[in-house]
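See structure below.
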Amino acid sequence: MRRAKGLMTDEARTLLTDPLYYGNLMVRLGKADGSVAGATNTTSHTVRAALHCIGVRPGFKLVSSFFLMALRDNGFSENGALIFADCGVVIEPSAAELAEIAIASADSWRALLGTTPRVAMLSFSTKGSAKHKLVDKVVEATRTAKARKPELEIDGELQADAALVPVIAQSKAPGSTVAGRANVLIFPDLQSGNIAYKLTERLAGATAIGPILQGLDKPANDLSRGCKAEDIVDAVAITAVQSQARQALSEPPA
């Protein structure tokens, strides 16, 4: 697999002694349905092993991540669940990469929650209320995602309150099918996404499950090195659901 990248046979044999590479090759060969790692490895090592062994899913160029946020207040989404992306992998995505993160996150919502994803592309501006190159990137990403997936319910640029609160959405983004009803929040960069999920977790008492990887051809997920046993159970459960969703897509219709 890596010969074209200059990997020698002896180096490949050495890599196979690494449980992350061995486990992800089991997933690639169909001997396992998914992998969960990272409790004793860095995120970069965990993601690299998955990328080298499993690879990116067809039609995608990027591996990203999301957090499934379980809120105490059910008023913001179905059963109080939201997806935040990307909070753990892609530090400063381009407009094209941001569009791909949005599409992958919508697929993740559909696989895990089984309902229609409504994707909000977040910014400090709503519908032209501010002018800046950072806003332009979000607008371009929204346009790209719509062109790639015309059926996707996606809107941007939206401020967080306009994305989540119906009365504010009516004022700031009238006519939007996403504003005030968003369940998938796409942050313009990892810095803002990481800060947001940690604030939501600590101030709102939300449960943050992740980071969950997306964009790989088969499920492989990363744990924090500070994870608890419960975190491992959550990651395993989500990996199993991702695998079931992938198998359902690959099976021919009855």
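Basis for what follows: all heavy atoms, side chains included, without hydrogens, waters or symmetry-related copies.
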TODO: Indicate yes or no: at least one non-hydrogen side-chain atom of R246 is less than 4.5 angstrom from one of D217.
DONE: yes
Between S44 and T42, is any side-chain donor less than 3.5 angstrom from a side-chain acceptor?
yes
The complete set of salt bridge (charged side-chain N to carboxylate O under 4.0 Å, His left out) pairs with one or both residues in residues 31-48, sequence neighbours excluded, reads none
Applied to residues 14-43, the ring-ring contact (aromatic ring centres under 6.0 Å, His included) test, sequence neighbours excluded, yields none
Sequence neighbours excluded, the answer for side-chain contact (heavy atoms from CB on, under 4.5 Å) partners of T9 is R13
Contacts of E153 meeting side-chain contact (heavy atoms from CB on, under 4.5 Å) (sequence neighbours excluded), chain-then-number -> T116, R118, T177, V178, R181
Distance-only check: which donor-acceptor pairs under 3.5 Å involve side-chain atoms of residues 144-152, not counting sequence neighbours?
from, atom 1, to, atom 2, distance (Å)
T144, OG1, E140, O, 3.0
R148, NH1, E100, OE1, 3.4
R148, NH2, G59, O, 3.2

Across all chains, not counting sequence neighbours, the side chain to side chain donor-acceptor pair (under 3.5 Å) partners of S64 are Q214
Test item: L185 and F187 side chains (from C-beta on) under 4.5 Å apart, heavy atoms:
yes
With sequence neighbours left out, the residues meeting salt bridge (Lys or Arg N to Asp or Glu O under 4.0 Å) with K172 are D161
Those residues at least two apart in sequence (or on a different chain) that pass side-chain contact (heavy atoms from CB on, under 4.5 Å) with P211 are S65, F67, D222
Contacts satisfying ring-ring contact (aromatic ring centres under 6.0 Å, His included) that involve residues 136-166 (not counting sequence neighbours) are none
Sorted by chain and residue number, the side chain to side chain donor-acceptor pair (under 3.5 Å) partners of Q242 (sequence neighbours excluded) come out as N221
H52 and N24: CA distance, side-chain angles, deciding distance, side-chain hydrogen bond (donor to acceptor under 3.5 Å, both in side chains) verdict
CA-CA 9 Å; H52 286 178; N24 281 310; over 6 Å; no
So the salt bridge (charged side-chain N to carboxylate O under 4.0 Å, His left out) pairs with at least one residue in residues 229-238 (sequence neighbours excluded) are K228-D231
Sorted by chain and residue number, the side-chain contact (heavy atoms from CB on, under 4.5 Å) partners of A160 (sequence neighbours excluded) come out as none
